[in-house]
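All chains are named by letter (A, B, ...) in the order of the sequence lines, taking the proteins before the strands, and each is independently numbered beginning at 1.
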Protein chains: 2
Amino acid sequence: MKPETRQQEIIRVAAKLFKEKGYSAVTMRHLATAMDIKAASLYNHIESKQDILERIIISLAETFTQGMKQISESNETCINKLKKIIELHVHISSKNSYGMASLNNDWMHLESQLTYYKKLRSDYENDFKTILEDGIKSGEIIHAKPDVMMFSILTTLRSLYIWIPKKEVINLKELTDDLSNILINGIAKE
Amino acid sequence: MKPETRQQEIIRVAAKLFKEKGYSAVTMRHLATAMDIKAASLYNHIESKQDILERIIISLAETFTQGMKQISESNETCINKLKKIIELHVHISSKNSYGMASLNNDWMHLESQLTYYKKLRSDYENDFKTILEDGIKSGEIIHAKPDVMMFSILTTLRSLYIWIPKKEVINLKELTDDLSNILINGIAKE
DNA sequence: TTACACAACTAACACTTGTTAGTTTACTTG
DNA sequence: CAAGTAAACTAACAAGTGTTAGTTGTGTAA
């Protein structure tokens, strides 16, 4: 494990502030104060405020894309694929709950990378929906609207970043199992 | 139906902008432009930017509190109470999806009303959890952690504001039923 | 020791922010 | 017609915004 670079440290602290107040409400001077340096010094390590946001969001979005690729290409049952997706969200959200806040709430403040982000997100949702549709065809999943099912599951998973830090004990395996039960047993036939 | 006052019009337009960019990123000049007047003119109708946010969020939060009161005091089964809650969220979210965005994402920018808002929210969540706990005791609901169940259902309901405007056809009755099925059939025993 | 990169600093810039003061215009009401 | 009111306006302010330029100190490699 290499020690954190100064740039990574700034991005980590920024993500924490972004979670608390949102991207727009966090100023470079606030961030600098939190880093115990002057605002101008930040620019030795990052290009711009926008640059910080891009690094937070895009790297997370690509991690999800990569995880989804592995899951959707695997030879698991659809139900197991869904469980893997839940696991993926719990895992990423617990490792980077600050970044997840930006991914969820501040993506619209992306500029040059906005289109790219939107593509990653819509690809992810399409893969998700395909898994559900396959499950319906194969009889694993009840014959309900894939849209509504995806919305219900995905919004819960996307909000994990709010919830995970609040739990005193973060037994991730247990949380994943509980969520799987509650989310999937409303979908699986019988 | 009385016609909308100028103040209500400003609040409505502001809520729309807040949904798109968040409270902090919307300036009084943006809002004024959207209203086709100058920024200073806004102050003939509202006290401050903060005042707008308070009016949007607090009135919505109180509507939820009121709805929850009626539901929790009723003599319905727990499952039926949950269905009523789902109906409540679908109804409010469809009537005011812009305001719901502020309620969800910009509450932390409340100042004098922040404590009040937090109390309303935590009371709401306590009532919700009590319904689930009663359902577990009476055998209507599976014996899973009320926290996780509430989180799963409530985050889905809280995100409806994103989803409802995207649906071309907004058959609210149908959406309520679909959501009830998907959310509750993962909770109801057998 | 000299050279150099790293990471901090001060000072300043051009612009934007929410808001106020004072004024004008156009209806409505007595 | 006179008076009042609602709702717009112009002009300005003080504070805060992201960012740049140029400088300084500090540790490391040649």
#### Entry: Side chain A:Arg29 and base D:dG18 donor-acceptor under 3.5 Å
yes
### Task
Have a look at A:Thr27 and say if it touches a base, only the backbone sugar-phosphate, or nothing, with a 4.0 Å heavy-atom cut-off.
sugar-phosphate
### Message
Check the orientation of B:Trp163 and A:Phe151. Use parallel for under 30°, tilted for 30 to 60°, and perpendicular for over 60°.
### Response
parallel
### Query
For B:Lys38 and C:dG18, what is the distance between atoms NZ and P respectively, to the nearest whole Å?
16 Å
### Query
Between A:Phe128 and A:Lys81, is there a cation-pi geometry (under 6.0 Å to ring centre, at most 45° from the normal)?
no
### Query
Just checking B:Arg6: base, sugar-phosphate only, or nothing, at a heavy-atom cut-off of under 4.0 Å?
sugar-phosphate
### Query
Could you give the CE-to-P distance, from B:Met28 to D:dA14, as a whole number of Å?
20 Å
#### Entry: Any B:Ser41 side-chain N or O less than 4.0 Å from OP1/OP2 of D:dC9
yes
#### Entry: Given D:dT10, D:dT19, C:dT19, the nucleotide with the shortest approach to the side chain of B:Ala40
D:dT10
### Message
Counting only side-chain nitrogens and oxygens, does B:His45 get under 4.0 Å of the OP1 or OP2 atom of D:dA7?
### Response
yes
### Query
Is any NZ, NE, NH1 or NH2 atom of the basic residue among B:Glu76 and B:Lys84 found under 4.0 Å from an Asp or Glu carboxylate oxygen of the other?
no
### Separation of D:dG18 P from A:Glu47 CD (nearest whole Å)
17 Å
### Query
Where the side chain of A:Asp106 meets the backbone of A:His109, is there a donor-acceptor pair that is under 3.5 Å apart?
no
### Message
From CD of A:Gln7 over to C1' of C:dA8, roughly how many Å is that when rounded to an integer?
### Response
17 Å
### Task
Quickly work out the B:Tyr43 OH to D:dA11 P distance and round it to whole Å.
19 Å
### Salt bridge A:Arg158-A:Glu125, side-chain N to carboxylate O under 4.0 Å
yes
### Query
With a 3.5 Å cut-off and just heavy-atom distances, do the side chain of B:Asn44 and the base of D:dA6 make a donor-acceptor pair?
no
### Task
Return the value, rounded to whole Å, for the distance between atom CD1 of A:Ile37 and atom C1' of C:dC6.
12 Å
### Query
Can you check the A:Ile46 CD1 to C:dC6 C1' distance for me, whole Å?
16 Å
### Message
C:dT16, OP1 or OP2 - any side-chain N/O from B:His30 closer than 4.0 Å?
### Response
no
#### Entry: Spacing of A:Ile10 atom CD1 relative to C:dC6 atom P, expressed in whole Å
14 Å
